[in-house]
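All figures in this text were calculated on a predicted structure; none of them were measured in a lab.
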Amino acid sequence: MATILEDSKFDPQRDLKTVGSNPVKHDGLDKVTGRAKFGADFFLPGMLFGRTLRSPHAHAIIKSIDISEAEALPGVKAVVTRDDFPDIDPGSVAGDMTRTAMAREKALFDGHPVAAVAATSEAIAKRALKLIKVDYEVLPHVIDPVDAMKPDAPILHDHIRTKGLDEPSDAPTNVTERMVSKMGDVERGFAEADVIVEREFDSKPMHQGYIEPQGCVAEYSEDGQVELWCSTQAPFVYRDRLSAILKVDAAKINVQQSELGGGFGGKTGFYPEPIAILLSKKASRPVKMVLHRTEVFRGTGPVSGTNYKIKMGCTKDGRITAAQGELIFQTGIFTGSMYFNAPNAMFTRYDLENVYIESFEVISNRPKVNSFRAPCVPQIVFGVEGVIDELARKIEMDPIDMRLKNAATEGYTTIYGETLGPIGFVETLEAAKATDHYQSPVKDGEGRGIATGFWFNRGGETSTSMNIAPDGSVTIITGTADVAGSRISIAMMAAEELGIDVDKVRITMADTNSLGFNRVTAGSRTTYSVGMTVVDNARDCISQFVKRAAEIWDVPEDAVIYENGECRPASANVGEFEPLSIADIAKQTTMSHGAVTASTSMNVTGAGPGFGLHIVDVKVDEETGRTDVTRYTVIEDAGKAIHPLQVEGQYQGGAVQGIGWALNEEYVYGEDGRLQNAGFLDYRMPVTSDVPMIDTVIVEVPNPRHPFGLRGVGEVPVVPTMAAIGNAIGDAIGVRPQSLPMSPPKLLDLIENRDG
Amino acid sequence: MAKKVHVTTTVNGDEYEYLAEAGQTLVDVLRNELELTGTKEGCSTGDCGACSVIVDGELVCSCLVLAAETDGKSVETIEGMANGDELHPLQRNFLELNGLQCGICTPGFLVAAKALLERNPDPTETEARFWLAGNLCRCTGYDKIVRSVMAAAEEMRGA
């Protein structure tokens with residue numbers, strides 16, 4: 001029999017009862033009453049409180065650390081430093097991870113942890129930090145990635161040599177990798193162009209901005225077992241990475257995820273967790289660590305800043321003949337930015353033949369970057385869609401028509417070698433053209449912009465179990481995280497397949513001891529992948545229901561059919577039997593046969609790419625340079641919206657994160673290499689009064705690889721945002737900004753230069 | 001050890017008596033001493049609103065209030081918002097209209113919105129947006145939060 005990966009049994013004509021409706025989330029009640037337990041909400045008897053000492057220097061050799069006075073303070077139960085971490089060679093993945101968690105030979109950025117204290121109260125722990133004496137030898141630092149590429153730049157790591165150079169060099173460098181991505185012949189493509197536009201762009205690091213700081217409780221037992229409760233997008237990945245840097249068997253580390261108070265990619269890797277474990281080991285008591293917001297800004301996250309050039313050419317009738325990019329990504333103190341997503345995604349949605357992209361990843365004295373929705377793609381799409389807009393203006397073509405003229409369709413082979421299956425880009429563009437927003441005239445004094453975006457969507461290793469209770473209700477065990485409400489969508493898909501009410505299904509998010517490996521919840525993979533495994537679980541259970549009904553009726557299995565939550569005789573010839581519901585079968589057979597259960601573990605494939613288009617109207621105050629977003633519409637292909645309100649929420653949330661990124665979010669460093677805006681007051685994220693309602697259009701071009709046709713919807717909503725706003729500002733003021741964020745001082749400069 | 005302050009207060013109608021350190025914030029006492037963890041701490045500087053509570057009818061960030069300041073006062077938190085098993089209309093509308101995603105900001109938004117509707121039962125969308133501007137949400141883009149608040153206001157006016 002074909003597996004669900006080979007044949008999803010997707011049926012566009014299927015009569016869906018639950019999928020496509022909007023039931024209240026099962027985790028919602030706990031969240032509106034304050035009962036839901038997040039990372040900081042867990043307590044254990046005898047628990048200590050941990051705090052971290054962080055480097056005030058961007059780059060410094062740590063000559064010595066004296067913890068004796070801190071250890072002597074009453075109430076202090078443990079102090080840990082680099083000496084408590086296993087020694088792992090620099091240059092390996094684990095070596096980078098352990099040095100990210102705790103500075104080793106050198107402090108590499110302002111905010112790099114250098115020591116930590118566990119005490120009977122947070123106040124004592126804070127006092128103890130002041131008693132730790134660190135002897136630093138301050139080194140020259142480099143913050144900007146372009147500066148970090150220069151031959152005389154301070155070198156962060158002696159062992160790094162640039163990978164991917166045509167002529168390898170043995171000189172230490174801050175450039176970790178060069179990658180060339182190409183298809184066709186760009187020189188020929190540019191020769192065929194009637195119009196060519198080339199522009200330079202840059203973007204600053206921004207933070208994921210989750211409202212819940214990292215929080216955890218760790219308990220290390222004398223026999224070497226570790227219990228860890230924490231807020232994470234990746235309990236299994238945390239376990240395995242902790243295993244690698246602490247040198248403890250994975251089976252001895254049990255990670256229990258809490259409710260997740262926002263992640264957006266920023267909780268795919270750990271921060272205080274290994275420190276809390278080592279403090280607990282040393283103190284022989286459980287240790288809680290919750291980061292302060294300033295630590296979140298200084299020590300976690302951010303997103304890659306970029307410097308790049310885009311060159312594109314088209315014919316007079318709007319056919320793009322060539323596209324070229326030269327991209328630089330800052331990755332912080334170690335490699336791992338996932339910059340390669342950008343060359344793979346930046347032009348993908350257009351059926352280009354001639355493309356050449358050269359990408360560089362560069363380290364500098366900033367925290368190691370972490371994922372954020374569609375990692376490394378939106379900041380480059382800002383430039384790509386700006387250049388396409390300029391081409392469209394030059395040939396006087398409607399910007400959506402220009403995109404339609406070049407839209408990729410099923411069968412197009414991408415730059416990363418995938419031949420696209422059924423996709424909804426054309427449908428998305430056509431839906432955008434038909435919106436009231438696009439059909440309405442732009443208001444006087446405002447500007448309008450559009451931009452498009454793409455994300456691969458992901459599958460990956462996923463394990464779930466399904467258990468049928470003796471009363472016929474259903475529990476599902478998942479090992480992914482619920483970043484925004486996937487639990488209800490997963491329960492809905494299980495209920496749909498089983499033909500029962502979604503209220504009969506409950507999901508438990510398991511600890512890592514209870515289930516097989518699950519890959520990180522990221523890349524818009526979870527609702528898709530877990531949807532696959534729970535439908536597979538349901539099909540397995542259904543086959544067992546059929547078998548048990550056949551046994552009860554004493555008929556062959558193929559004489560029993562299952563529909564709408566019941567087994568019934570396949571025809572009148574089978575005999576006269578009352579239908580048996582799941583509850584009937586569970587009641588009658590659990591005692592004799594054991595519970596009906598199913599477990600699935602697979603590497604899910606077949607994720608269908610997603611495409612979106614944003615339309616935005618802005619008003620720019622030319623005296624102050626302030627931009628107000630006055631109207632916003634997101635049009636995006638969901639494949640199938642399992643829970644439409646949830647899907648709309650993804651679209652709206654992505655758009656508003658992008659508004660912040662577009663207009664004012666950035667990391668600001670001083671000459672001293674210290675972060676100057678490490679708080680919500682100075683790192684200003686959008687608030688309620690900054691934004692309008694976000695209109696949404698859900699396009700549904702099914703992905704037939706999935707039983708209900710869904711695609712992921714988490715990444716695409718942020719991809720076109722800054723580009724669309726940039727194009728709208730360009731429309732409003734007559735000059736298209738090329739630098740993110742498009743903050744008031746930058747717009748005032750553009751306006752001043754425009755007016756000469 | 002520094003002398004502690006004796007505090008007598010009501011929280012959600014229940015009387016509490018405790019000793020607080022002079023510098024201890026209300027959010028610290030609520031969460032770590034009284035184990036009322038529904039109030040969240042997102043920034044400790046009054047910028048995110050996750051710790052919003054009502055003290056004697058005034059909406060405050062409990063990270064900016066000392067526990068000692070609430071001696072003799074009445075504190076309302078998210079845990080006191082529902083009446084037994086009957087949800088407040090704001091809570092119900094947040095659920096039905098999906099006014100929450102991850103849920104970390106939700107208690108703060110609900111408390112802040114309750115304070116708004118007690119002052120102004122018929123806010124315009126703009127008034128609601130400016131009142132709620134002290135509460136950060138990173139998931140929703142605010143659309144469904146504002147819709148939930150407006151729907152609850154309408155329902156409460158009709159009740």
- Item | Under 4.5 Å from a heavy atom of chain B, the part of A/V483 involved | backbone

- Note on the structure: Of the listed A/D41, A/V290, A/D482, A/V691, the one with the largest count of heavy-atom pairs under 4.5 Å with chain B is A/D41

- Residue from A/P686, A/A36, A/A123, A/G660 scoring the most non-hydrogen pairs under 4.5 Å with chain B is A/P686

- Query: What's the shortest heavy-atom distance between B/W131 and B/A112, and which atoms?
  - Reply: NE1-O, 2.8 Å

- Message: So that I can tick it off, tell me whether A/E122 and A/K288 are bridged by a salt bridge, with the cut-off set at under 4.0 angstrom between side-chain N and carboxylate O.
- Response: no

- Message: Do the side chains of A/E259 and B/K40 get close enough for a salt bridge, i.e. N-O under 4.0 angstrom?
- Response: no

- Which heavy-atom pair separates B/C105 from B/C137 by the least distance, and what is that distance? SG-CB, 3.6 Å

- Task: Quick one: which of B/N98, B/T140, B/I78 has the most heavy-atom pairs under 4.5 Å with chain A, could you say?
- Result: B/N98

- Task: Inspect the surroundings of OH in B/Y16 and state if more than 12 heavy atoms from other residues, nucleotides or ligands are less than 6.0 Å away.
- Result: yes

- Closest-packed option against chain A by number of heavy-atom pairs under 4.5 Å, given B/D143, B/D28, B/D47, B/L132: B/D143

- Task: Against chain B, label A/A655 side chain, backbone, both or neither, depending on which of its atoms sit under 4.5 Å from a heavy atom there.
- Result: neither

- Please determine, among A/I694, A/V656, A/V687, the option with the most heavy-atom pairs under 4.5 Å with chain B. A/V687

- Query: Looking only at heavy atoms, what is the nearest atom pair of B/P89 and B/M156, with distance?
  - Reply: CG-CG, 3.7 Å

- Task: Name the region of A/Q208, side chain, backbone, both or neither, that has any atom closer than 4.5 Å to a heavy atom of chain B.
- Result: backbone

- Grab the two heavy atoms, one from B/A153 and one from B/P123, that are nearest each other, plus how far apart they are. CB-CD, 4.2 Å

- Item | Interchain contact, A/P74 with chain B, by part (heavy-atom threshold 4.5 Å) | neither

- Counting heavy-atom pairs under 4.5 Å with chain A, the top scorer among B/Q24, B/R147, B/E35 is B/R147

- Message: Report which part of B/L97 has an atom under 4.5 Å of a heavy atom belonging to chain A: side chain, backbone, both, or neither.
- Response: backbone

- Residue B/L136 versus chain A: region with a heavy atom under 4.5 Å: both

- Describe, in one word, how the ring planes of A/F372 and A/W661 are oriented to each other, choosing from parallel (under 30°), tilted (30 to 60°) and perpendicular (over 60°). perpendicular

- Any chance the side chains of A/E715 and A/S524 put a donor and an acceptor closer than 3.5 Å? yes

- Is it the case that A/H207 and A/T300 place a side-chain donor and acceptor less than 3.5 Å from each other? yes

- Query: Checking heavy atoms, do the side chain of A/P213, its backbone, both or neither come under 4.5 Å from chain B?
  - Reply: side chain

- Part of A/L645 lying under 4.5 Å from any heavy atom of chain B: both

- If you count the non-hydrogen atoms of other residues, nucleotides and ligands that lie under 6.0 Å from CD in B/E154, is the total more than 12? no

- In residues 21-31 of chain A, which residues are in contact with chain B at a heavy-atom separation under 4.5 Å? A/V24, A/K25, A/G28, A/L29, A/K31

- Task: Please state whether the side chain, the backbone, both or neither of A/Y651 comes within less than 4.5 Å of a heavy atom of chain B.
- Result: neither

- Task: Flag the pair B/E127 and B/R119 as a salt bridge only when some basic side-chain nitrogen lies within less than 4.0 angstrom of an acidic carboxylate oxygen.
- Result: no

- Query: In terms of the angle between their ring planes, are A/F297 and A/Y683 parallel, tilted or perpendicular, with boundaries placed at 30° and 60°?
  - Reply: tilted

